[in-house]
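Beneath this line is the structure, given in structure tokens, with notes to follow.
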Amino acid sequence: MVVTDRKAEKVGHVGPHLMFYAPNLGNAEFGASNDFSSHFIVADERTPGAMIIVPVTAGSDGHEHH
């Protein structure tokens, strides 16, 4: 999966992830940073379309974990 920002300036590969609708919320409400060091981010924060994004990675047993 490839994503771009609203200005189509940044393009990047995104692996498996979960997304939760979180209108008008931001990273600060969850104590999150904007770089996944808190294991999730709020994309488009403080907008009606804000989404919490949680990456999902494969564990050593080959099953998906978050």
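- Scanning all heavy atoms of the two residues, the minimum distance from Asp44 to Ala50 falls at O-CB, 3.4 Å.
- Counting only heavy atoms from C-beta outward, the side chains of Met51 and Tyr21 approach each other to under 4.5 Å.
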* Show the numbers, then the answer: is there a side chain to side chain contact (heavy atoms under 4.5 Å, CB included) between Asn24 and Thr47? => CA-CA 5 Å; Asn24 303 312; Thr47 69; 5.5 Å; no
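- With values rounded to the nearest 0.5 angstrom, Met19 atom CE is found 4.5 Å from Ile53 atom CD1.
- With rounding to the nearest 0.5 angstrom, the CZ atom of Arg46 is 4.0 Å from the CD atom of Glu29.
- For the atom pair CD1 (Ile41) and CD1 (Ile52), the distance works out to 11.0 Å, reported to the nearest 0.5 Å.
- Of all heavy-atom pairs between Pro23 and Pro48, the closest is CB-O, 3.5 Å.
- Considering only heavy atoms from C-beta on, Phe30 comes within 4.5 Å of Leu25 through its side chain.
- In terms of heavy-atom proximity, Val42 sits nearest to Asn27 at N-OD1, 2.8 Å.
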